[in-house]
Number of protein chains: 4
Amino acid sequence: MKSTQAPLPFPGRQSDSHKGDFGRVVLIGGSRGMAGSISLSSMAALHTGSGLVTAVVPDRCLETVAGFHPGIMTLPLPATPAGEFAQTTGGVPDMIESVVASNATVAKADAIGCGPGMGTGAGSVRIVRWLLEQTDRCRVFDADAINIIAQHRFLDRPPLPRRQASVVLTPHPGELARLTGVSPSDRPGQIEAAETLVRRHAFTIVLKGGPTEVLGPVDPSEEAGTCQRHTNTTGNPGMATAGSGDVLTGMMTSLLGQGLGPWDAARLAVYVHGLAGDLAAKAHSQPAMTCVELLGRIGDAIATTED
Amino acid sequence: MKSTQAPLPFPGRQSDSHKGDFGRVVLIGGSRGMAGSISLSSMAALHTGSGLVTAVVPDRCLETVAGFHPGIMTLPLPATPAGEFAQTTGGVPDMIESVVASNATVAKADAIGCGPGMGTGAGSVRIVRWLLEQTDRCRVFDADAINIIAQHRFLDRPPLPRRQASVVLTPHPGELARLTGVSPSDRPGQIEAAETLVRRHAFTIVLKGGPTEVLGPVDPSEEAGTCQRHTNTTGNPGMATAGSGDVLTGMMTSLLGQGLGPWDAARLAVYVHGLAGDLAAKAHSQPAMTCVELLGRIGDAIATTED
Amino acid sequence: MKSTQAPLPFPGRQSDSHKGDFGRVVLIGGSRGMAGSISLSSMAALHTGSGLVTAVVPDRCLETVAGFHPGIMTLPLPATPAGEFAQTTGGVPDMIESVVASNATVAKADAIGCGPGMGTGAGSVRIVRWLLEQTDRCRVFDADAINIIAQHRFLDRPPLPRRQASVVLTPHPGELARLTGVSPSDRPGQIEAAETLVRRHAFTIVLKGGPTEVLGPVDPSEEAGTCQRHTNTTGNPGMATAGSGDVLTGMMTSLLGQGLGPWDAARLAVYVHGLAGDLAAKAHSQPAMTCVELLGRIGDAIATTED
Amino acid sequence: MKSTQAPLPFPGRQSDSHKGDFGRVVLIGGSRGMAGSISLSSMAALHTGSGLVTAVVPDRCLETVAGFHPGIMTLPLPATPAGEFAQTTGGVPDMIESVVASNATVAKADAIGCGPGMGTGAGSVRIVRWLLEQTDRCRVFDADAINIIAQHRFLDRPPLPRRQASVVLTPHPGELARLTGVSPSDRPGQIEAAETLVRRHAFTIVLKGGPTEVLGPVDPSEEAGTCQRHTNTTGNPGMATAGSGDVLTGMMTSLLGQGLGPWDAARLAVYVHGLAGDLAAKAHSQPAMTCVELLGRIGDAIATTED
């Protein structure tokens, strides 16, 4: 394992804290057949220190998600027969956004992560579009949420706000290719394309890979557009396993919900995530480690980071 | 970890015991979307030594609860379509109390805990009201059961018995605020308000926080009203995590079911709960520990207490 | 922990074995609300060495049972709306026995355990009665199966065979009281009553308690009736926890299925079960150990026995 | 434990890998009552290093499979009321093949394993037949898939391709007997019969037992038919437990999906599988180890192999 330094210390905890103090986070995603993904994000948020975590999922897969960890709360949204988010509810079109928007749990969330396992159906599109409009909220877009942004050209389209300084995107190279048109095989080109997105939209972007790059605005308020880059020092090829990215999404959302800014949350999340992966690989071997072993090492990784 | 002394030794076990000897306890709560909470209470009761534990839950979420541990028994009550306790059954209003009241498992329970994850709907209100009338039974009210007591002013309202010496309330500061009107930010004021409740109603009150305070009558039979206070010495901010309170409710109910009085059960439960949390934080870090890790350390904490 | 000697060595395994060689066992029981019990018996049978284990359960609770361990196979029988075994199927009365009887899995079973969590409804009564007639098969009757035998006086009633040398009964004192009328508080009287049953019916009886007594015929074929007694040397009061007996039922059925006679299977099962409980209590404390921790120590207990 | 040498080193991992690089594998099987089997294969594939694993299962048992591990993706196919693969969908006969064939996940799979827990009903027959025609794909046939091939004489019947160099069969002696007519008690005769199948069809055959034999063509392209044999050196009788073979199927499919040829994948999978079993037996005893403990030791076994 590489001996590296955390980019910043893990946030401390006050002795008279209440569970609300460590952030109420919401994770939106999942579908029948991919219910494990949003469950992983939710469990990762709990293990990263969030006090209250709610998984917002299609009604059809609520029980599967709820069964993975008794500390996860779940909230059902209308589902299609196949178990994805439905566009309409009770026959009324375009309702799903109002269901999400009017929900007290979502309204009180300190940070929202969206995307894992949700598919790119009409209901998911509505939710992503609505989330893009919530500019006063910290948000993480991952996986199918990024694919939806790419497919529907949501970054180009008014009336959506162009600059989104409270947004983190966490694409893997294939997802960034869909967003920018630059091939996954052209790593320098992909980094450059991500920088362009950062300058234009004030996003923080986590471009996964070996190593993972974090890109974000130097000064989010500056309209001209700035970009800084941080290269992560942890992680290993054993993490190229199903659900690894879902865990990262949950960790990132958790740190945003605990009050870290996007730049700090992104750098710290990828560092701890990679370190947890290194510890899991050491204990179980790179091929044998799965998302569950990764999840199980977040605590050890945080302990290292706190020292 | 702080080196502290248990307020009393953990109850011993006779060598010719049967599972009924360690208490039949019932935990009432849960709802679809919050089924994990009452599951945690039930598992905590098992791990604190109860011989037989039954979770009484809305029918809709029985399978989720039952899946968490093969030692939990479950009992379904009529549920609303959303998965909360229903007020009526088969169209007949006000029946839920009679279903609970006539149930043999509930009737034989040595202690009953109520509240985690149950919501504050009409069915839950009926159950809480019915439970308040069962003055010959040891009862723990937590979470939404406390919110219901506050909302419906059940403490002020005849014909409910005013003095309840066999009741433990386990509010966090927000819940106590709803019950007394004193803001969570005014800790001395909250302690004073809790003392007033103790003197008036002969409750034992566990006011959560850092540190947790236990307040109870010196002499429950004395109508004039007395109050003593015990400050817990264990616990850490890592326990400000979803489900931590549900675990405490189960532990408290378990100790009442094993024959401890409210004052002893409350002091010992918060002590062991906090110690389990300290051991979990040491093993997993404060941010990474969840209710599951807390549950897993109850045994180690009890072993320390027995020495 | 007491240092004791196993009553006989654990059966060895041939190096060219196939999973069928270690016994196909069937466990019949469970109901909605008590699905964990038969799951525990089934998992215990797997951990005691059975090659193939099928849980025969009411249709309504199949998914709950199946979710506990991927090595358990499950077989649904018709269920009542409440989730117990139904007496009839498709409106035709008295069919449940023929469903069980005609099933290939049941027909091929080397041993059958019955009772945990099944309730005493009409469907369960039919199954127990049918099982009592299968005199060429090794069978274990536990929990509600014993209660049914007591309620319906199946031991007195022709045309059921009176002598049942391939049957093990595993009552706790309350169940034996129902069967014999002798109070649980009269331990010597209960042992005497159990001896009478052994002499009359050629059963092997495991009378649970501290310590557990195994009683069985010296010579099962002798019509006159003989009885020998073995006092178990392992176990502790921490095992007075929900599901502990279900684990024993599964272990006993497993050893019968591996070819041990009732007398040997009973003595070895209670010994290993108690030793597993002692190891679990040492690791987790007596109050905190549950059926899951007990299950997890069967392997360590067997390893000790093999030495 | 025997000290042995791995037949080949475990495939290494590049540092800039993505989860797709380690193979997208599909496991087809399961049925209500036997949902654990295909879950085990899927989890074993994840633990052997596959990046993306999809379990294709009858709709009725999807939730049970999905609940075992959050990293498994699941895909439902039409099911019979009893929970097996249905032959028809929506009343249209013979559709199941087209559902499978048109599915993007199946189309993109680098390797497909088929058989565990699927039963031998009409829907399963259709799937096996369709899979036999996919000659450009690496496939593993196990358990009921082999029984179906035997029952329907698919090896003899045009228009199915006779030579299948990308197929691995993993029969236990009973399954090989159904395929060849040679009794399980005649081990030399079974090995000879397997050799004949290899020469004729260019299969790789894993004949389970103590020890397991791997047989495969020396030169798959040579029409004349050649056969080489490898005797596995790991494993123990404790592995004669339910689900052990399902784990092997998943491991084999995983290694094929990572690019190993059938001969190498088969030899390495049986070696690591047996070593994992040896480690599990050492930790838990031979009788007490189950498929879950076996699964949990794959990582340790791989780590040994990598050295």
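Keep in mind that what you see is a predicted model, and the values were worked out from it rather than measured. Below, chains carry the letters A, B, ... as their sequence lines are ordered, and counting in each starts from 1.
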Open item on the list: Just verifying a value: how many Å separate C/T80 OG1 and C/F85 CZ, rounded to the nearest 0.5 Å?
Closed with: 10.5 Å

Open item on the list: Please classify the contact between D/S37 and chain C as side chain, backbone, both or neither, with a heavy-atom cut-off of under 4.5 Å.
Closed with: backbone

- [ ] Please test C/N232 against C/T234 for side-chain contact (heavy atoms from CB on, under 4.5 Å), starting from the C-alpha separation and ending with a verdict.
- [x] CA-CA 6 Å; C/N232 187 43; C/T234 55; 3.0 Å; yes

Task: Inter-residue atom distance C/L8.CG - C/L260.CG, 0.5 Å rounding - done: 6.0 Å

- [ ] Evaluate the side chain to side chain donor-acceptor pair (under 3.5 Å) criterion for residues C/H69 and D/T290: first the C-alpha distance (whole Å), next the side-chain angles of each, then the deciding distance (0.1 Å), finally the verdict.
- [x] CA-CA 10 Å; C/H69 194 291; D/T290 74; 3.1 Å; yes

Open item on the list: Going by the rule side-chain contact (heavy atoms from CB on, under 4.5 Å), which residues pair with D/A122 if we only count those two or more places apart in sequence or in a different chain?
Closed with: D/Q87

Task: Residue, of D/G36, D/P237, D/G117, D/S285, that accumulates the most heavy atom pairs under 4.5 Å with chain C - done: D/P237

TODO: May I ask you to list the residues in residues 293-301 of chain D that approach chain C closer than 4.5 angstrom, counting heavy atoms only, ordered by number?
DONE: D/E293

Open item on the list: What's the separation between atom CZ in D/R178 and atom CG in D/N147, rounded to the nearest 0.5 Å?
Closed with: 4.5 Å

Open item on the list: Just to be sure I understand the criterion: a residue of residues 44-65 of chain C counts if one of its heavy atoms is under 4.5 Å from a heavy atom of chain D. Which ones qualify?
Closed with: C/L46, C/H47, C/T48, C/G49, C/S50, C/G51, C/L52, C/D59, C/L62, C/E63

Open item on the list: If I take atom OG from residue D/S31 and atom CG from residue D/D144, how far apart are they, to the nearest 0.5 angstrom?
Closed with: 8.0 Å

- [ ] Side chain from CB out, backbone as N, CA, C, O: work out which of these in D/A283 comes under 4.5 Å of a heavy atom of chain C, or both, or neither.
- [x] backbone

- [ ] Begin with the C-alpha distance, continue with both residues' side-chain angles, and end with the deciding distance and a verdict on side-chain contact (heavy atoms from CB on, under 4.5 Å) for C/N103 and C/L75.
- [x] CA-CA 9 Å; C/N103 184 275; C/L75 194 73; 3.3 Å; yes

TODO: Report the C-alpha separation of D/V125 and D/I127 in whole Å, then their side-chain angles, then the decisive distance to 0.1 Å, and conclude whether the side-chain contact (heavy atoms from CB on, under 4.5 Å) test is met.
DONE: CA-CA 5 Å; D/V125 172; D/I127 291 171; over 6 Å; no

TODO: Check step by step if side-chain contact (heavy atoms from CB on, under 4.5 Å) holds for D/H273 and D/T212.
DONE: CA-CA 11 Å; D/H273 179 253; D/T212 290; over 6 Å; no

Task: Interatomic distance, C/T74 atom OG1 to C/L27 atom CG [nearest 0.5 angstrom] - done: 12.5 Å

Open item on the list: Using a 4.5 angstrom heavy-atom cutoff, name the option from D/G210, D/G243, D/A242, D/P173 with the most pairs to chain C.
Closed with: D/A242

Open item on the list: Go through it in stages, so that I can follow the logic: the residues are D/E213 and D/R229, the test is salt bridge (Lys or Arg N to Asp or Glu O under 4.0 Å), and I'd like the CA-CA distance, side-chain angles, deciding distance and then a yes or no.
Closed with: CA-CA 7 Å; D/E213 306 282 346; D/R229 170 147 70 112; 3.2 Å; yes

Open item on the list: Pairing donors with acceptors under 3.5 angstrom, does anything connect the side chains of C/T170 and C/D142?
Closed with: yes

Task: From D/I112 atom CD1 to D/F141 atom CZ, the distance as rounded to the nearest 0.5 Å - done: 8.5 Å

Open item on the list: Heavy atom to heavy atom, less than 4.5 Å: which residues from residues 246-257 of chain C reach chain D?
Closed with: none

Task: Over all atoms of both residues, closest heavy-atom pair of D/A194 and D/I205 - done: O-CD1, 3.7 Å

